[in-house]
There are 2 protein chains.
Amino acid sequence: MKEKLRAHIENLIPLTDAEFLHILPHFSFEKYNKNDFLIQEGEHVTNCYLVVSGLLKLVYDDKNGKQHIISFAMEDWWESDFSAYFSQKRAKMSLQCIENTVVFSLSFENYKKLSAEFPKMKQFFLEKSNSGHIASQNRILSFLTSSAKERYDQLLKQYPLLFQRVPRTLLASYLGVSRETLSRLSSQ
Amino acid sequence: MKEKLRAHIENLIPLTDAEFLHILPHFSFEKYNKNDFLIQEGEHVTNCYLVVSGLLKLVYDDKNGKQHIISFAMEDWWESDFSAYFSQKRAKMSLQCIENTVVFSLSFENYKKLSAEFPKMKQFFLEKSNSGHIASQNRILSFLTSSAKERYDQLLKQYPLLFQRVPRTLLASYLGVSRETLSRLSSQ
DNA sequence: AATCGAATGTGACATAAATCACAATTACAA
DNA sequence: TTGTAATTGTGATTTATGTCACATTCGATT
């Protein structure tokens, strides 16, 4: 399984065997079951996660008790409540399994160590952060420029598998529409 | 004016005089007039910008010719079409002056040099990217959880000055509502 | 196979926001 | 100073989406 982590990193930054050997112990390999929480709102956020297999949802619960999906995290995605992670505060969001999920977990402490001791890893985190930033900006753009129907079509086109793996209610929440509206969009 | 750049960097990462002396020449100091473009859609994006004074808008023009404001860039903000900048492609967005604006400009080449030669600068860029990512995610969250009126109130509270500096049409476009709706929100 | 609960679809209606049209105001250049 | 264009406000109407209610389907468990 370590090979998956190595392949993931080397997809951006080539590593020597020796380097990977030093890097690996900073991560911990963990398995979770469907509905388990990796992060619960209000807790201190000490880890971020690389999804090896399975599916997570990053959720914000508003004052009215409504759930809002900020993102789904699939294989090869990094996820956490990054705002809380980087500032070492309590989570405003929850990270929960939609399916049984396998992850590599990285504590903030080890994140700092890796960044400080391995320029390549700092480079890796920088590139990941840049692409995360760009992905978020694209999502903002789709809210600004697209109707609910268009956002639905974009999502269906970009992640067709998601529609088999995720209940409609969650897809609706991710798209920012009610589940009834989503149901009507899908029959148009 | 270089002191402004130094103060901006040192706000995150302390530098020695010698370090700053080496870093400074990687930036170029530039002045633009109201309505000037720093980036035009379709051009190669070779620079990102730190705003020293003035105000920029990052704009996406959709197929119907409608403008959408992805962000405003004020003093102390970094802005570019980062998607195009990091991948060295053509701009999908434009970056234009709302007011006369003074910036430090950083070419992608120099960005790479700085990152490679100064671990502190790589750290600086990493932290900036992280906070940019988080800011974008918060904006997504406000689209998911808040009505137009609530987004209006949030913006007014967070950046009250913006309402004196920016035409309503642009504020509306940033909030993702029509200018008529914005006008009605502001009188409620 | 039968049963229960969760997920989904759909009709009726309410509400929010877009659009269109035009008036009023402001900013700016000749 | 005047005239022109850009900006803003507001009414009337249309459209998109939310909300509520209920029926249907699907899936897991016994």
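Just the heavy atoms: all of them, side chains too, but no hydrogens, waters or symmetry mates, feed the values below.
If B:Lys34 and B:Leu185 are placed on DNA chain C by their nearest nucleotide, the residue sitting closer to the 5' end is B:Leu185. When each of A:Glu180 and A:Lys149 is assigned the nucleotide of DNA chain D with its nearest heavy atom, A:Lys149 is the one assigned upstream, toward the 5' end.
Distance from the side chain of A:Thr181 is smallest to D:dG18 among D:dG18, D:dT8, C:dA17. The side chain of B:Arg184 lies closest to D:dG11 when the candidates are D:dG11, C:dT8, D:dT19. Relative to the side chain of A:Pro167, the nucleotides C:dT8, D:dG18, D:dT8 differ in distance, and C:dT8 lies closest. Among the nucleotides C:dT10, C:dT8, D:dT17, the one closest to any side-chain atom of A:Ser147 is D:dT17.
Separating the CD atom of B:Gln164 from the C1' atom of D:dT7 is a distance of 17 Å, rounded to the nearest angstrom. In this entry the distance linking CG of B:Leu182 with C1' of D:dT8 reads 10 Å, nearest Å. The distance between atom NE2 of A:His68 and atom C1' of D:dG18, rounded to the nearest whole Å, is 13 Å. The separation between B:Arg168 atom CZ and C:dT25 atom C1' is 14 Å, rounded to whole Å. Straight-line distance from the CG atom of B:Leu170 to the P atom of D:dT8: 8 Å, rounded to whole Å. Look at CD on A:Glu150: it is 17 Å from P on D:dT15, rounded to the nearest Å. A straight line from CZ of A:Phe143 to C1' of D:dT17 spans 14 Å, rounded to a whole angstrom. In this structure, CZ of A:Phe163 is placed 17 Å from P of C:dA7, rounded to the nearest angstrom.
Checking A:Phe86, A:Phe27, A:Tyr49 one by one against A:Tyr111, the ring-ring contact (aromatic ring centres under 6.0 Å, His included) holds for a single residue, A:Phe86.
Interatomic distance, CG of B:Leu175 versus CG of B:Leu170, reported as 11.0 Å (0.5 Å rounding). Going from atom CH2 of B:Trp78 over to atom OG of B:Ser131 covers 12.0 Å, rounded to the nearest 0.5 Å. We find the OG1-CD distance between B:Thr145 and A:Gln67 to be 13.5 Å, quoted to the nearest 0.5 Å. Between the CG atom of A:Asn138 and the OG atom of B:Ser83 there is a distance of 6.0 Å, given to the nearest 0.5 Å.
Proximity of a side-chain donor or acceptor of A:Asp81 to a complementary backbone N or O of A:Lys92 within less than 3.5 Å is detected. Between the side chain of A:Asn64 and the main chain of A:Lys66, no donor-acceptor pair closer than 3.5 Å is present.
With hydrogens and angles ignored, no donor-acceptor pair closer than 3.5 Å exists between the side chain of A:Arg179 and the base of D:dG18.
Each end of the helix from C:dA1-D:dT30 to C:dA30-D:dT1 yields a helix axis from five base pairs, and these two axes differ in direction by 50° (to the nearest 10 degrees).
Using a 4.0 Å cut-off, no side-chain N or O of A:Lys66 falls inside it from OP1 or OP2 of D:dG18.
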